[in-house]
Every structure is written in structure tokens, then in C-alpha cells.
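Remarks on the structure that follows.
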Amino acid sequence: MTKKSLSFVWLSPPALVLYLVVVLTVLAPWVAPSDPNSQVLAQRLQGPSWGHLLGTDALGRDTLSRVLHGGRFSLSVALLTTLFSLSLGTVLGLLSALRGGWLDEFFLRANDLLLALPEIVVALLVIAILGPGFTSMVLAVGVVSWTPTARLVRSLAVQVLSTGYVEASRHVGGSRWFILRHHVLPFVAGPVLAQTALRFGLLLVLLGSLSYLGIGVQPPQSDWGSMLAEAQPHAIRSPWGLIVPGAAIFIVSFCVTLLGNRLTQMFNGHDVLEPAGQGEARG
Amino acid sequence: MPVLTILLRRLIGLGAAVLLSSFAVFLVPFVAPGDPVRNLLRARMDAGVADEQTVQAYAEQFGLYDPLWVQFGRWLARFFSGDMGISYVSGTPVVETVLPAVGVTLLIAGISILVAMAVSIVLGVVAATRAGRWPDKLITSITHALIAIPEYAIAPLLVLLFAVKLAWLPSAGFHSPASLVIPVFVLCLRPISFFTVAVRSGILQSLGSEHVLAARARGLGRTGALLHHVIPHGLLPLWTMTGVWFAGLLGGSVIIEVIFAIPGMGRLVFDAIVNADIPVAQGGVVLVVICAVLVTSAVDLVQQFSDPNVRVGARHD
């Protein structure tokens, strides 16, 4: 990474917002104004006030405290899912590119198949089998969301393997492992990092939808998706219960996408939403 | 590669996809909690819990002691002859519930894709022809914001505004064209952002190509070149994406169908999974997959035959 990237990416406005969100959610037990589960039924469904900066929910719980605590679950499950699908996608994409032959052909077909399957349906089936909860969410969404990473890794690796310097490296005795570490990985890392940022944002929204449907996080735990589901029946009296967690998901996902876009611009000058190769049509 | 080979390859891939997903769905009752025979008995007779002997007799009758692949073959044969089993919950044949739902979902997904294409072609062309200036920057920011919107937060808020406060549109259901406005709007958001980016980059590439320069050199005006050369070429990436996105929307509309009480596939499969109504879940998932595979293959084929590069077998890997 160059010096320019430091201020262009890691000190950019979206990055700063994300640092703030992460610090606030990690420190939620200490910075939240009150206990997220303490109910004051006399003060239910209030709008923002000095006592409750973001209002209260149907049980009189402080919305700000709940959104900070809920963020711990939402962000950690999204992070773990992203890492899971990133490692799965990287390994499979590299294998496919390096080994070639029937493995590559099999990989391309499997990819076509998974691309045709709507991911939320597959996730629903996995959760039907495993039962709801943190681990099921990570596994269910992880197994359906590795394909974009794998396709990107594969197409970049194929590209770098056909260059003259890799050919030269092979001729002077560079082993497969050496080429992988010194030529392929450095070439692949940047664009994949950028795409991973975008994936994190998309997965945060997708995982939230599972909790919203009641098959993600289970009570007494809550996250941003389940807060939205709880707030919906009372939205006519107080829309704040919808606005606050909805905005939380939006802000994090938007900032991560902007960050991913800055990374992509730095690495290849494209937009992060652009299809990266043949078949990379869906984000 | 000859056209026939491409067609044959596609067909084989299509069959494999349907077969594999059917098998996965067929396996669900074997790994899901709950005893399928007891579930079945509960649905067929109202007598609460069945005794051990009845359960065993039924298991024998349905061939549940046969090897797995025999059972799968039988299930598959029955499934494609139209007998998808009987719902554990309602006790009615699955076909009768599933088929109408397919139509509803195809309609909503189709409208959403068409709207998204129309909007993104306009946005993408405007952004590309003014690249780097403020309209481009504005449109790019919008596309990045759209994918970050959680549909399960924006949908209730839109209902609150347009159905409850302003009373312009119905809040839920599937009765009139008006009841589809908010669902289609929300479903469009994410495709619009991905499509717009693709159109923008396609048009930009097309703008810089030599045949456009040649057309301009022959004396064709800016608008003429744009309409006859730049746009037709620049939209090629968009056609590729529509098939995949259309397929994705078939199952991806679960949230929207649940929120707006639309009787489509998404809600059907979701309800079935939540209620452990395995026959309905199986029928629904396999039909979604069949539709998705058919749609992607159809779009793929159209593209194969319209793109000379693909037709002669050049690979873009």
C-alpha cells in the first residue's frame, strides 16, 4: 500500500464513520445510556427526547442502548460470515485456477448452478435443517455466498498465471507454492479486499433479513433485523423503532460500499459494483 | 463450437441443476427434525398422535425402508408426473398451492426487472455521457446508496407514508395494480444499482471504440452515433445480467412477499419451512429452481445466438 492509500482509503469519511460505529458497538456495555433490556412500561413508544436520545420501543426499552447492543450481534455475525465465505471462495478459486482441467470445469459448472439458485432459498433450507441461531446463520449464508469471491479470485489468478513474469519465474525453477505466494496472492489480494468490503455490506443486509423473518437471532438476544421486526406492529404510533435500526444497517452497509469503491479505484480504476469477469453478474 | 453442441450442453447442465437441487430438497426430511411419517399421519387424520404399529405400517406402505436412491427415483417420477404430495398443514395437494404462486412471483419479478432495466438504461447513459461531471457523480452516489438499503426497513416506512398517512396506495395484498407499486419499487432498488453501473461502463467502453469514431468520421452526428452505435453496443453487459437477476428475484422476493402478504413462491416456501410443511417446501424449492434455470438458460441462449464472438466459440475467461 502506498502512502496515498492511507488517507484516500483508511482516513476517508466512510472509514471514519465505520471506526466510530465499531468503537461504539464494541464499547456498548460502557457507553450505552441504559440497560438494553430494562423495561419502563410507563415510557413506551416515545420519540427522541433528552431522557431517551432515540426514543423507546413497545416495552419502554431505550432504543439507543438496544441499537448499540444489537450492533454487536449484527456486525459480528456479518464479519464472521464474510470471513468464512472469503476463505472458502479464495481457496476454491485458487485451486480452480492453479489445477485447471476437470477441477476447473467442475468449478465453473457448480458456479453456474449456485448462480441460478436464489441464495435466500438455499439459506432458508440450511436453517430448516440446522435450526436458527448464530452458527446456522454463518453457515447458511456462508455456503451460498462464496461464489462471487471464487469467480473473482479465479479470473485474477488465471490472468496473472498467463503473464510473462510468471512464465519466467517457472523457468528459473519457481515452485508452484513460490509462484502462489510471490506472484498470485499479491496480485489477487487488492481487488479481493475491495470486493470483500462490498460483500460485507450485502451480507449485513441479508443476515438482517433472516433475523427480521425470525429465523436468525433468537430471543432474548436481538440484532438490528429483529429490532425492525419488533418495531413494525407499532410503527403507526412510533416510526422511530423502524428508522433507527434501519438507518444503522444502511449507514454501515453504505460506508463499507464506499470504502470498497475507494479500494477498487485504487487497484484498477473501476467501480466496485462492476462485474469483474464472465459470469460475475450478481453482487 | 457448433450451435447444436451449445444447445445440448445447456440442456445437460439444466437437467443436472434440476436433478441435484431436487435431490438436496428430497433429503431435507431425512435430516430435518421431526418424523415424516408422524407428520404425514397428523395431516391425513385428525387423531392427534398415531400409535407405533400404524406408523410402522405406513412406513412400510410408503416404502420408507427401501434404499435411499430407490425412494429418490420414486419421488422424482411422482413429482414430475404432477403428484408433489400432500401438504402437512392444509391437507390439500401441493400442486394446487404451488402452481398459482409461481405465476404471481413470475409476474412481480418480471415487472421489477423491466422497470429496473428502463431506469438503469436512462441513468447509465446519462452518467456515461457526462462522465466525471456532476450528473455522473450524483448517479454514482445513488447507485452506491441503493444497495445498502435494507428492504425490510424501507418497505414498512413506505407503507407508513403512502398507505397509512397519505392513503394513496393499499398497504398489502395482491388485488390491483396499485397494490404492486410499493413492492415493485422496493424490489427494483438493488437491480437498479447493479444495472446502472454495468450500463455506464458498457457505454463508456462503447464511446471509446473505433467503430464509433469511424461513424463520427463519416459525418454521423453525436445523437445519431449515440442511438445507432454507442447504445446498442454499450447495453450488451446489461442483457447478461438480466437473466441472472431475474432468476435471483424469483426466490429473493421472500421478504417483500412476506411483508406485503403477496401469495407468491417466496412466501409459500418461507411459510412451509417455518411450519415444517416439507412437501410444500420441496415442491416450491424445486419449482423455483426449475424457473430460475429456465430463465437463465433462455437469456443465455439468446445471447449465444446474438453475439458473434460467443457463436464462434471464443471464450472470455
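Quick caveat, the model's predicted, so the values are computed rather than measured. We name chains A, B, ... by the order of the sequence lines, and we start the count at 1 in each one.
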Gly201(A), Ser209(A), Pro239(A), Pro245(A): which one forms the most heavy-atom pairs within less than 4.5 Å of chain B?
-> Ser209(A)

Please look at Leu258(A) and chain B and tell me whether the side chain, the backbone, both or neither of the residue comes under 4.5 angstrom of a heavy atom of that chain.
-> side chain

Please examine the side chains of Trp240(A) and Pro48(A), heavy atoms only from C-beta on, and report whether any two atoms are closer than 4.5 Å.
-> yes

In terms of heavy-atom pairs under 4.5 Å, which option from Ala229(A), Gly246(A), Gly208(A) contacts chain B the most?
-> Gly208(A)

Taking Thr105(B) for the side chain and Val102(B) for the main chain, is one N or O donor matched with an acceptor at less than 3.5 Å?
-> no

Hey, can you tell me if Phe195(B) and Trp245(B) have their rings parallel, tilted or perpendicular (30° and 60° cut-offs)?
-> perpendicular

Please state whether the side chain, the backbone, both or neither of Leu160(B) comes within less than 4.5 Å of a heavy atom of chain A.
-> side chain

With chain A, the option among Ala153(B), Pro156(B), Pro191(B), Gly243(B) that has the most non-hydrogen atom pairs under 4.5 Å is Pro156(B)

Give, as side chain, backbone, both or neither, the part of Thr196(B) having an atom under 4.5 angstrom from any heavy atom of chain A.
-> neither

Does the distance from a Lys or Arg side-chain N to an Asp or Glu carboxylate O, for Arg66(A) and Asp57(A), drop under 4.0 Å?
-> yes

Against chain B, label Tyr212(A) side chain, backbone, both or neither, depending on which of its atoms sit under 4.5 Å from a heavy atom there.
-> side chain

Chain A: which of Val269(B), Ile259(B), Thr242(B) shares the most heavy-atom pairs with it under 4.5 Å?
-> Ile259(B)

Are any side-chain N or O atoms of Gln218(A) and backbone N or O atoms of Gly216(A), one a donor and one an acceptor, separated by less than 3.5 Å?
-> yes

Ile236(A) atom CD1: more than 12 heavy-atom contacts under 6.0 Å | no

Specify which of Leu206(A), Leu228(A), Ile127(A), Val252(A) makes the most heavy-atom pairs with chain B at under 4.5 Å.
-> Leu228(A)

Backbone N or O of Ala235(A) within a donor-acceptor pair of the Ser238(A) side chain at under 3.5 Å?
-> no

Chain B contact via Leu130(A) - which portion, at a heavy-atom distance below 4.5 Å = neither

